Amino acid sequence: DYTVEETSYEDAVEEVREALSVLGEEYISYYDRIINSGHVDVYPTDTKLTGAFSFSMGKEFLPFVQFNYLGYSSDVSTIAHELGHAIYSSYSKDNQESIYAEPIIFTQEVASTTNELLYYSYMMEHAATEDERMFYLENMLSMFSGTFFLQALYAEFEDAMYQTVESGGALDAEALSDLWTELYQEYRGDTIESFPDSRYGWASIPHFYYNYYVFQYATGYAAAIALSRRILREGAPAVKDYIGFLSGGCSKSPIDLLKGAGVDMSTTKPVEEALSLFGELIGEMEELMKD
């Protein structure tokens with residue numbers, strides 16, 4: 001068994017910095033500037049909001065970032081995630097007029113998740129033991145579960161709700177719970193047994209009460225997989241294209257911005273590449289478990 005010891009915030013910042021160094025000196029200069037700016041609220045307090053997030057206010061200020069850092073492995077990857085948001089905002093504001101300088105949520109999730117994937121890939125590559133590699137491999141598979149497969153399920157559910165209303169129907173709690181149960185059965189198969197009341201799980205998810213956008217998490221993850229794999233495979237040319245994407249803000253549609261970075265979300269290729277990587281990771285896990 002492999003247990004990750006608690007990591008000091010200073011060591012975590014350096015670890016993430018090393019993992020993201022593949023994105024080049026300019027990207028790391030943004031990282032250093034934001035981390036050392038005094039705009040990062042690191043540790044939890046009694047009156048502080050839970051979770052982590054990044055937000056920006058105008059072109060004249062660096063982004064503000066909130067953590068609730070406790071030293072766990074998930075806290076370290078959160079640094080990579082939130083700095084992905086913050087650095088993306090900075091690139092956009094530095095390269096676009098104000099009207100085009102605020103990236104939309106879809107591309108924001110692409111940027112943050114790309115950083116997480118680069119971080120986990122780095123940690124797997126630099127693992128000292130097979131058990132350590134297995135730990136970070138499991139983290140990547142957990143990202144797949146929560147950000148790709150589960151969010152695809154959510155997207156199907158949300159789409160069905162909209163289709164019902166737009167065709168003149170009404171939303172009924174029990175009918176929605178039946179659909180929720182059917183989708184979980186389809187996605188999970190017979191190997192996982194659900195509690196009876198889990199059929200009402202949809203009601204506790206706030207995203208379904210917002211605008212139609214849940215699909216962006218799964219599709220954004222597929223785009224991030226394609227980007228991170230190209231960056232790790234091709235190096236400088238892919239990094240140049242990725243920086244161009246980050247600098248684009250919302251000056252073009254998300255599809256066109258990602259095309260400029262070498263990812264065509266109008267095709268099925270990014271999703272197929274994501275599923276291919278998932279298969280590779282499962283295969284590696286099976287091999288490691290044999291040892």
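Please read all numbers here as calculations on a predicted model, not as lab measurements. Residue numbers run from 1 in the order of the sequence given.
- Listed for the T113 side chain is no donor-acceptor partner under 3.5 Å among the backbone atoms of V110.
- The distance between the ring centers of F208 and Y154 falls below 6.0 angstrom.
- Panel note: side chain D241, backbone G262; no donor-acceptor pair is recorded below 3.5 Å.
- Looking at E273 and R229, their side chains come closer than 4.5 Å, going by heavy atoms from C-beta outward.
- Rounding to the nearest 0.5 angstrom, the gap separating the CG atom in L153 from the CD atom in E186 is 8.0 Å.
- There is a side-chain donor-acceptor pair under 3.5 Å between Y120 and S77.
- Open room surrounds NZ on K240; 12 or fewer heavy atoms of other groups in view lie less than 6.0 Å from it.
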Working for side-chain contact (heavy atoms from CB on, under 4.5 Å), residues L70 and Y43: CA-CA 7 Å; L70 292 172; Y43 300 104; over 6 Å; no
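- A donor atom on one side chain and an acceptor atom on the other are found under 3.5 Å apart for S8 and D11.
- Nearest heavy atom pair, residue S89 against residue P63, reads CB-CG, 4.3 Å.
- Between P270 and the options T219, V263, L275, a side chain to side chain contact (heavy atoms under 4.5 Å, CB included) holds for only V263.
- Within the 4.5 Å cutoff, no side-chain heavy atoms of S54 are placed close to those of F64.
- Residues I231 and L118 approach most closely at CG2-CD2, 4.3 Å, considering heavy atoms.
- Looking only at distances, a side-chain donor or acceptor of S247 sits under 3.5 Å from a matching main-chain atom of I243.
- Under a 4.0 Å N-O distance rule, the pair E287/K290 qualifies as a salt bridge.
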Working for side-chain contact (heavy atoms from CB on, under 4.5 Å), residues E132 and M124: CA-CA 8 Å; E132 184 180 1; M124 286 175 61; over 6 Å; no
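- Separating the CD1 atom in I87 from the CG atom in N115 is a distance of 6.0 Å, to the nearest 0.5 Å.
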Criterion ring pair (Phe, Tyr, Trp, His ring centres under 6.0 Å) on F149 and Y187, from CA distance to verdict: CA-CA 8 Å; F149 294 114; Y187 273 72; 7.7 Å; no
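- When every heavy atom of M57 is checked against every heavy atom of F55, the shortest pair comes out as SD-CE1, 3.9 Å.
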Test log, rule side-chain hydrogen bond (donor to acceptor under 3.5 Å, both in side chains), inputs Q151 and T147: CA-CA 6 Å; Q151 294 297 335; T147 311; over 6 Å; no
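- A donor-acceptor pair under 3.5 Å is formed between the side chain of N36 and the backbone N or O of D32.
- Other residues, nucleotides and ligands contribute at most 12 non-hydrogen atoms within 6.0 Å of the CD atom of E193.
- Ion pairing between a basic and an acidic side chain is recognised when a charged N comes within 4.0 Å of a carboxylate O; D264 and K269 show no such pairing.
- Contact check for Q96 versus C250: no side-chain heavy atoms found under the 4.5 Å cut-off.
- A centroid separation of less than 6.0 Å is found between the aromatic rings of Y91 and Y30.
- Residues S90 and L62 approach most closely at OG-CD2, 4.3 Å, considering heavy atoms.
- Considering every non-hydrogen atom in both S73 and F135, the closest pair reads OG-CE2, 3.4 Å.
- Taking the side chain as every heavy atom from C-beta outward, D159 and F215 never approach each other to under 4.5 Å.
- In this structure, V16 and L83 have side chains that are not in contact, with every pair of non-hydrogen atoms separated by 4.5 Å or more.
- At a cut-off of 3.5 Å, with distance as the only test, a side-chain donor of D190 or Q185 sits close to an acceptor on the other residue.
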side-chain contact (heavy atoms from CB on, under 4.5 Å) evaluation trace for I205 with W180: CA-CA 12 Å; I205 298 173; W180 190 253; 3.5 Å; yes
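- Cluster annotation: F157 and V165 are assigned to the same hydrophobic cluster (Ile/Leu/Val/Met/Phe/Trp/Tyr, side-chain heavy-atom contacts under 4.5 Å, transitive).
- Here the side chains of Q66 and E82 are not in contact, with every heavy-atom distance at 4.5 Å or above.
- Put simply, the side chain of S92 gets close to the backbone of L246: a donor and an acceptor are under 3.5 Å apart.
- A side-chain N or O of Y119 and one of E15 form a donor-acceptor pair less than 3.5 Å apart.
- Atom CD of E60 has more than 12 heavy atoms from other residues, nucleotides or ligands within 6.0 Å.
- In this structure, the side chains of I79 and Y9 come closer than 4.5 Å at one or more pairs of heavy atoms.
- Ion pairing of K59 with D94 is absent here, as no side-chain N (NZ or NE/NH1/NH2) approaches a carboxylate O to less than 4.0 Å.
- With a 6.0 Å radius and a threshold of 12 heavy atoms from other residues, nucleotides or ligands, F195 has its CZ atom at or below the threshold.
- Under the 6.0 Å cut-off for aromatic ring centres, Y88 and F245 qualify, their centroids lying closer than that.
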Derivation and outcome, side-chain contact (heavy atoms from CB on, under 4.5 Å), residues S56 and F61: CA-CA 7 Å; S56 57; F61 299 108; over 6 Å; no
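- When ring centroids are compared, Y72 and Y69 stay outside the 6.0 Å threshold.
- Put simply, OG1 on T181 and CG on L176 are 10.5 Å apart, with the number rounded to the nearest 0.5 Å.
- One finds the CD atom of E130 at 11.5 Å from the CG atom of L137 (value rounded to the nearest 0.5 Å).
- I28 and L227 end up in the same hydrophobic cluster when Ile, Leu, Val, Met, Phe, Trp and Tyr side chains are linked at under 4.5 Å.
- Here R199 pairs with E174 in a salt bridge; the nearest charged N to carboxylate O distance falls below 4.0 Å.
- Grouping the Ile, Leu, Val, Met, Phe, Trp and Tyr side chains by contacts below 4.5 angstrom, directly or via other members, places L49 apart from F67.
- Within the 3.5 Å criterion, the main-chain N or O of H81 finds no donor-acceptor partner in the side chain of E116.
- Around atom OH of Y100, no more than 12 heavy atoms belonging to other residues, nucleotides or ligands sit under 6.0 Å away.
- In this structure, CG on L20 lies 10.0 Å from CD on E18, to the nearest 0.5 angstrom.
- In the hydrophobic clustering of this structure, V271 groups with L141; members are Ile, Leu, Val, Met, Phe, Trp, Tyr whose side-chain heavy atoms approach within less than 4.5 Å, directly or through other members.
- The shortest non-hydrogen separation linking L23 to V239 is O-CG1, 3.3 Å.
- The shortest distance between side-chain heavy atoms of L257 and F106 does not fall below 4.5 Å.
- For the pair R188 and Y184, the cation-pi test (distance below 6.0 Å, angle within 45°) is failed.
- M265 and F148 fall within the same hydrophobic cluster, defined by Ile, Leu, Val, Met, Phe, Trp and Tyr side-chain heavy atoms under 4.5 Å apart, directly or through other members.
- Side-chain rings of Y221 and F144 approach one another, their centers coming within less than 6.0 Å.
- Rounded to the nearest 0.5 angstrom, I99 CD1 and S251 OG are separated by 11.5 Å.
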Criterion salt bridge (charged side-chain N to carboxylate O under 4.0 Å, His left out) on R133 and E284, from CA distance to verdict: CA-CA 10 Å; R133 185 173 177 86; E284 181 175 352; 2.3 Å; yes
